[in-house]
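Here the structure is a predicted model, which means the values were calculated and not measured. Residue numbers begin at 1 in each chain, while the letters A, B, ... track the order of the sequences.
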Amino acid sequence: MTHHEYDVVIVGAGGAGMRAALESSQRARTAVLTKLYPTRSHTGAAQGGMAAALANVEDDSAEWHVFDTIKGGDYLVDQDAAEILCNEAIDAVLDLEKMGLPFNRTPEGKVDQRRFGGHTRNHGEAAVRRACYSADRTGHMILQTLYQQCIKQEVEFFNEYYVLDLILDGDPQAAAPGEEVAVAGVVALELSTGEIHTFNAKAVIFATGGAGKVFKTTSNAHTLTGDGMGIALNAGLPLEDMEFFQFHPTGLAGLGILLSEAARGEGGILRNSEGERFMERYAPTIKDLAPRDMVARAMANEVREGRGAGPHQDYVLLDLTHLEPAHIDEKLPDITEFARTYLGVEPYTEPVPVYPTAHYAMGGIPTTVQGEVLRNNTDVVKGLYAAGECACVSVHGANRLGTNSLLDINVFGRRAGIAAAEYASGVDAAPAFPEDGDARIRALVDGLLATVGGTGTERVSEIRKALQETMDRNVQVFRDADSLAEATRVVAELKERFTDVAIHDRGKRFNTDLLEAIELGFLLEIAEVVVAGALAREESRGGHYREDFPTRDDERFLHHTMAYATGEGVRLDTKPVVITKYQPMERKY
Amino acid sequence: MTAPRLKEPQIPSGRTRHNAEKWSWVFMRISGPLLLVLIVTHLFVNLMTGDGINQIDFAFVAGKWASPLWKIWDFVMLVLAMLHGFNGMRLLINDYAHRAGLRKVLHALLGIATVVIIVLGSLVIWTFDPCLGTDPSLVPDFCKDLA
Amino acid sequence: MWMWVVHRVTGVAIFFFLLIHVLDTALVRVSPEAYNDVIGSYKTPIYGLIESGLVAAILLHAFNGLRIIAVDRSTWALRHQKQLVWAVWILFAVLMAPFLWRHLGHVFGGA
Amino acid sequence: MTATAESPAVAEVPTLTVTLRILRTKPEGTAEHGPGESYWEEFQVEAHATDRVLDALHKIKWEQDGSLAFRRSCAHGVCGSDAMRINARNRLACKTLLKDLNPAKPIIVEPIKGLPVEKDLIVDMEPFFASYREIMPFLMTTGSAPARERLQSPEDRARFDDTTKCILCAACTTSCPVFWTDGQYFGPQAIVGAHRFIFDSRDEGQWDRLEVLNDKAGVWKCRTAFNCTEACPRGIEVTKAISEVKKVLTTGEI
Ligand SMILES: Cc1cc2nc3c(=O)[nH]c(=O)nc-3n(C[C@H](O)[C@H](O)[C@H](O)COP(=O)(O)OP(=O)(O)OC[C@H]3O[C@@H](n4cnc5c(N)ncnc54)[C@H](O)[C@@H]3O)c2cc1C
Ligand code: HEM
Ligand code: SF4
Ligand code: F3S
Ligand code: FES
C-alpha cells in the first residue's frame with residue numbers, strides 16, 4: 001500500500017474533472033485520479049455542441065436560455081442553478097476559445113452557432129442558433145483542449161488509477177442534521193500494478209461521468225459504469241433523481257452509437273416507414289427539434305403503432321439525403337462516417353436507421369451550486385464536491401437539453417475546482433485517514449481474486465447482460481408498474497447471483513477482469529436506485545414516462561427524489577425544487 | 001506518475017538554431033536529382049554507347065579524361081555521390097546503432113572512408129597521366145604523337 | 001513502407017559499390033596494366049550480372065528518390081503516392097529492359 | 001410490451017465462426033510460459049460478419065478467458081483506447097469489422113509495436129504521451145486576452161482542421177518504421193500535435209515548437225514511409241502534416 005497526501009484530489013479526468021483541475025491546481029496541491037487516460041474519457045464522444053447565448057449569429061439572451069432549460073427539464077430544474085448555468089455559459093465558451101479550442105467560425109471570424117433541440121428564441125417562438133460547436137466533435141475538442149491546458153499547467157495525473165472507495169470521518173446517515181461530516185480521502189487501485197493506494201485529502205471532487213452501461217442499447221462507453229455514484233451510495237450518501245434517464249432519439253439502430261442531434265439541427269428529418277415526417281404531429285412548432293424525451297417517445301410510438309421501418313419494423317429513419325454532401329462533410333463528418341462504418345449506409349443517398357439509445361443520467365450525486373455534496377436535503381459533506389454527469393445540481397431536471405451538458409461540466413467543473421481549492425486552503429489539515437481505511441477495498445479485491453479457480457459459479461458478463469437486457473426491456477422510454485416490478489425482481493435476483501460471481505484472471509497487473517466485476521457491482525446498485533425511483537414516481541415527466549400515469553402530476557411529484565442505500569434496499573425521500581421565476585406550465589412545442 | 005516538468009514556453013523565441021538535420025535533408029534533395037543526371041549520363045556513356053562495358057580500359061578512361069568536361073563531370077559526381085552517400089549512411093547509423101560507443105566508432109569509420117575516397121578520387125582525376133607506363137598498346141593513341 | 005526498405009537497401013548497396021569503384025578507378029594512377037586487369041574481370045558474366053544489379057539499384061533508388069522529393073513538395077504527389085510507386089517501377093522496368101538487353105548482350109555476346 | 005431495438009441491422013446477417021490468433025504476454029507468467037514471455041493463442045468465437053474485432057475480443061474475454069487484457073472504452077472509434085495490430089496493420093479494434101478482414105482465415109491480433117508490452121494487448125503509453133508533451137501542445141499567446149473570442153476566419157480555421165481530429169491512439173507512431181528502428185524519434189503523432197498549433201492563426205508559439213521538431217529526433221527523421229497515414233483511424237493525412245512542417249522549417253514561412 002502506498003499513501004499519498006494532497007490538498008485536493010479529483011476523481012475523473014473527463015471534461016468536468018479537468019476543468020476543475022485547471023482551477024484547483026493553480027490554488028492548491030492537486031492530484032487527478034482517473035481510471036482512463038484523460039483523453040479516453042467519454043466527454044470526447046460528445047458531438048453536437050455547447051450552449052451559450054453568445055448571440056453571434058442571431059438575437060439571443062441568457063434569459064431565454066434559462067427558460068428553455070427549465071421548460072426542457074419539465075420544471076424539475078432548480079432554477080437558481082439554471083440561472084448560474086446560463087449566465088456563466090458565455091464566459092465558459094469564451095474561456096475555452098481562449099484556451100485554444102478550435103470552434104467553427106462565422107464568416108466574420110466569430111464562434112459559429114447552430115440550432116439544437118429545445119433551444120428557442122423568446123420563450124419558445126422558434127428554434128434559435130445557440131450551440132457553439134466544432135463540426136460534430138465538440139466534445140473531442142473540449143477534452144483535448146482541457147487536457148492540453150492541463151499539460152501546460154503541469155497538472156499531476158494518476159492515470160489508470162481506479163478509485164473504489166470514499167473515506168468520510170463520520171457516518172453521513174447517522175450524523176444528526178447540522179453535525180459536521182468531512183471528507184478524509186479516497187482509496188484507489190493502480191491498474192498497472194494491482195497495488196492499493198490511499199489518498200488523504202482536504203477536499204475531494206467526484207467527476208466520474210455517467211452510468212449508461214446499466215442499459216444495453218446506449219451511446220455510453222464501456223467504462224461508464226457509474227462508479228462515482230456507486231461509491232457515493234456505498235459511503236452512505238444519497239443519489240438524486242436517478243429515475244430520470246435520457247434516451248437520445250438518434251442512436252444507430254441496434255448499436256446505440258450516437259448520431260448527434262446536430263444532424264437535425266442542420267436540417268435532418270425523421271421519417272417513419274411511410275416516409276412521413278411524423279414529428280409534425282407531435283411538436284408542430286419545432287418539429288424534429290423538440291426536446292429529446294418527446295422525440296424519443298414519438299419514435300418509439302411510431303414503431304409501436306406499426307410504422308417502423310426495416311425488416312422488423314423496429315426503427316425509424318433519419319433522412320439527410322436532401323442536404324448537400326459538402327454541407328454534411330463540413331458539419332457532420334464523423335457521424336456520417338459512423339453510419340457508413342457500422343451500418344454500411346451511405347447518408348448522402350440513403351436514410352439512416354435510428355432508434356432511441358440510453359444516453360444521459362440527469363440524476364446523480366446531489367450538490368449545491370458550489371458543487372458541495374449534500375448528505376441530506378440541507379447538510380453538505382465538508383470538503384466533498386461533485387461535478388459533471390455524476391452530479392446533480394439539478395440544472396437538467398427531468399430532461400436535459402442537448403448541449404447543456406458540455407456546458408454543465410465546464411461551468412460546474414470550474415466552480416467545484418475553485419470551491420474545493422479554496423476550502424482546502426482554509427483548513428489546516430485533512431481529517432486523519434483511518435488506519436484501516438483501505439480494509440473494505442482490500443477485502444473486496446482479495447475476495448474477488450480468491451474466486452479464481454474457486455467455487456463461484458456466476459460469470460460477470462452474464463449477470464451484466466441480464467441486467468442490461470432487463471433494463472432495456474422494462475425501464476426504457478415507456479415504463480409502467482408491471483415492467484418496473486419485473487425489473488425490481490430481476491435486479492434483486494441478479495444482486496443475489498452477484499454474490500456468487502467468480503473471476504478468471506489471477507494476475508495482479510492490469511486485471512481488467514477484476515475491474516469489470518467491481519464495475520458490475522456499481523451497475524447493480526445504480527439500477528436498483530433507478531428502478532425504485534421510477535416505481536415510486538407515479539407520473540410522467542421529462543425522460544420518465546409512465547404509461548399508467550401519462551401526465552405530469554405537480555401536486556404529488558413536483559419534487560426531487562433522494563435515494564439512500566440502507567443496507568436493506570433503497571430508502572426514498574424527497575427534496576423540494578427551487579423555483580424562482582418560472583411557475584410550472586404545460587410543456588408544448 | 002507525476003507530470004513531467006516542461007520548460008517554460010519562451011514566447012517568441014529566436015528562429016531555430018540547430019539546423020544540421022535540416023541541411024542534411026535539403027542537401028539530399030538537391031544532390032539527389034543532380035546525381036541522377038550525372039550518374040545516368042555516366043552509365044549511359046560507359047555502358048550503352050559504343051561497345052558498352054567491353055570498351056572500358058585504360059585507354060578509354062584516358063580518352064575521356066583528356067576533355068576537361070569529363071574531368072569536372074567525374075569530379076563533381078564523385079564528391080556529390082560520396083557526400084550524399086556519407087550523409088545517407090550517417091542517418092542509417094543513427095537509426096540502427098543504439099549504443100553511443102558503437103555509433104561513435106561507425107561514424108568515425110564512415111568519415112574516414114569518405115575523406116579517403118574523396119581525396120584519393122580527386123587526386124586520381126586531377127593528376128591523371130594519360131601516357132603513364134611503357135606499353136604503348138595500353139595508352140591512348142595521342143601519346144604516340146607526344147612521344 | 002516497402003519502398004522505404006528498397007530505398008535504404010539500394011542506397012547502402014550503391015554506397016559500398018562506390019567505395020570499391022573509386023578504389024579500382026584509382027588504379028589508373030598506378031599503371032595501365034593493373035587497371036585493365038581489374039576492369040577485365042568486370043567483363044566476365046558474373047560481374048556482368050552484378051553490374052546489372054548495380055544499375056538496377058541506382059535506377060530504383062534514383063526514381064524513388066525523385067518520388068520522395070515530389071511527395072515532399074506537392075500535395076498532388078502526396079495524395080497519389082501509391083500510384084507514384086507504380087510509376088517508379090514502370091519507369092524502372094522501361095529503362096532496365098533495353099539496358100539489360102544491350103549490356104548482357106555485350107557481356108555474354110562478347111561482341 | 002415496450003419497443004426496443006433488437007439489433008435490426010444485424011438480424012439478417014448469418015453467424016460465422018472466426019478464429020483469432022492473439023499474441024499474449026503475462027507479466028506473472030503462466031504454467032507453460034515464463035513471466036513476460038510472449039506466445040500465440042488461438043480462440044474461436046461465434047460472431048456476425050458485421051461485428052467489430054472488439055466484439056470478438058469481448059466475447060473471448062467474457063465467455064472463454066477472462067484474463068485476456070486489452071484497453072477499450074467508447075467502442076466507436078473516438079477515444080483512441082484500442083489501437084492494436086490486426087492482420088499486420090495498426091487499427092482500432094472497435095472500428096474494424098470482421099467482414100472487412102476475411103474471417104475465413106485466422107485474424108492475427110498483436111499489441112502495437114515499439115512500445116513496451118505490459119500485458120497481452122496493453123502497452124505502456126507513457127513514452128508516447130511524453131513525446132506529445134514535448135512539443136508543447138497548447139495555445140501560446142502574448143499580450144492580454146481580448147474580452148470576447150479571438151477572431152479567426154473560416155479559412156484560417158480550415159488550415160489546421162485535419163490535425164485537430166487526432167485522438168492520440170498511437171496507431172500512426174507505432175506503425176512508423178523509423179520509430180521502430182531507433183525509438184528516439186518523436187513519431188508522427190507528435191508532429192500532428194504540433195501541426196495543430198503551428199498552423200493555428202491564434203498561436204504565437206510556433207517557433208518554439210518548430211525548434212523542438214527541428215531537433216535530431218524531430219521531423220527530419222521521417223522518411224515518408226506513409227505507414228502513419230495508412231494507419232490513422234481518423235483519416236488524418238499525417239504525412240502531409242509532416243511535410244507541411246518540413247516546408248515551414250525550410251522556407252521559414254508559415
Ligand atoms: C455520444 C455522446 C454525445 C454527447 N453529445 C453531447 C453534446 O453534443 N452536447 C452536450 O452538451 N453533451 C453531450 N453529451 C453528454 C456529455 O458529453 C457528457 O455528459 C459529459 O461529457 C460528461 O462529462 P464528465 O466529465 O462528467 O464525464 P466523462 O467525460 O465521462 O469522464 C469521466 C471520468 O471519470 C473517470 N472515472 C470514472 N470512474 C472512475 C473511477 N472509479 N476511478 C477513477 N476515475 C474514474 C474516467 O476515467 C473519466 O476520466 C454526449 C454524450 C455522449 C455519450
Ligand atoms: C542517382 C540519383 C540519386 C537520387 C535521386 C537519390 C535520392 C535520394 C534521396 C532523395 C534521399 C533521401 C531520402 C529520404 O530523406 O527519405 C536519398 C537517400 C540516400 N541515398 Fe540517394 N540518391 C541518389 C544516388 C545515391 C547514391 C549514388 C548513393 C550512394 C553513394 C545514395 C545513397 C543513399 C543513401 C545511403 C541514402 C539514405 C537512405 C535512408 O536514409 O533510408 N544515393 N537518396
Ligand atoms: S494521428 Fe491518427 S493514428 Fe496518430 S494518434 Fe492521432 S488519430 Fe491516432
Ligand atoms: S510512417 Fe514514419 S517515416 Fe514518416 S511518413 Fe509516417 S512518420
Ligand atoms: S474503444 Fe474507443 S477508440 Fe476503440
Side-chain angles (χ1 to χ4, degrees), chain B residues 1-36 39 80-111 114, chain D residues 124-143 176-186 194 197-198 202-225 242-243 245-254:
Chain B
M1 268 331 298
T2 52
R5 300 224 62 86
L6 279 169
K7 59 175 178 175
E8 276 296 305
Q10 337 99 353
I11 319 170
S13 79
R15 293 276 161 116
T16 53
R17 282 182 305 275
H18 311 288
N19 284 324
E21 293 301 322
K22 172 170 106 188
W23 291 119
S24 127
W25 185 86
V26 172
F27 171 75
M28 292 308 262
R29 262 132 260 261
I30 294 172
S31 59
L34 282 175
L35 278 169
L36 178 76
I39 295 181
L80 276 185
M82 278 316 292
L83 290 180
H84 180 103
F86 162 77
N87 196 31
M89 293 300 288
R90 185 182 65 84
L91 297 174
L92 254 102
I93 294 171
N94 284 344
D95 277 358
Y96 295 111
H98 292 262
R99 274 182 297 116
L102 179 64
R103 194 180 276 212
K104 272 219 179 75
V105 171
L106 289 177
H107 277 155
L109 284 177
L110 178 66
T114 307
Chain D
D124 180 4
M125 298 290 285
E126 237 349 274
F128 171 78
F129 279 99
S131 293
Y132 180 61
R133 292 189 295 252
E134 199 79 24
I135 50 97
M136 298 178 266
F138 37 80
L139 194 73
M140 295 193 242
T141 54
T142 51
C176 173
V178 180
F179 181 76
W180 296 338
T181 56
D182 82 337
Q184 313 150 27
Y185 177 34
F186 286 151
F197 286 100
I198 292 170
R202 299 168 296 175
D203 187 70
E204 296 171 53
Q206 307 98 331
W207 288 101
D208 295 274
R209 270 179 223 107
L210 285 164
E211 194 168 324
V212 176
L213 293 180
N214 199 21
D215 181 79
K216 275 221 293 288
V219 279
W220 309 115
K221 278 239 166 224
C222 166
R223 306 250 78 83
T224 48
I242 297 175
S243 149
V245 171
K246 287 175 182 165
K247 211 168 287 169
V248 171
L249 278 169
T250 44
T251 62
E253 281 162 34
I254 297 176

Inset, instruction - For residues D:K221 and B:N94, determine if any side-chain heavy atom of one lies less than 4.5 Å from a side-chain heavy atom of the other. - result: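 Contact flag for D:K221/B:N94 side chains = yes.
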Inset, instruction - With the side chain counted from C-beta on, respond yes when B:W25 and D:T250 share a heavy-atom pair under 4.5 Å apart, and no when they do not. - result: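 The answer is yes, as the side chains (C-beta and beyond) meet within the 4.5 Å cut-off.
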Legend entry - Reported CG-to-NZ distance for the pair D:L210 and B:K22, which is rounded to 0.5 angstrom: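 Spacing of CG (D:L210) from NZ (B:K22) equals 10.0 Å.
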Legend entry - NZ (D:K247) with more than 12 external heavy atoms under 6.0 Å: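 Yes.
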Inset, instruction - Measure D:R223 against the heavy atoms of chain B and call it side chain, backbone, both or neither at under 4.5 Å. - result: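 Just the side chain, heavy atoms under 4.5 Å.
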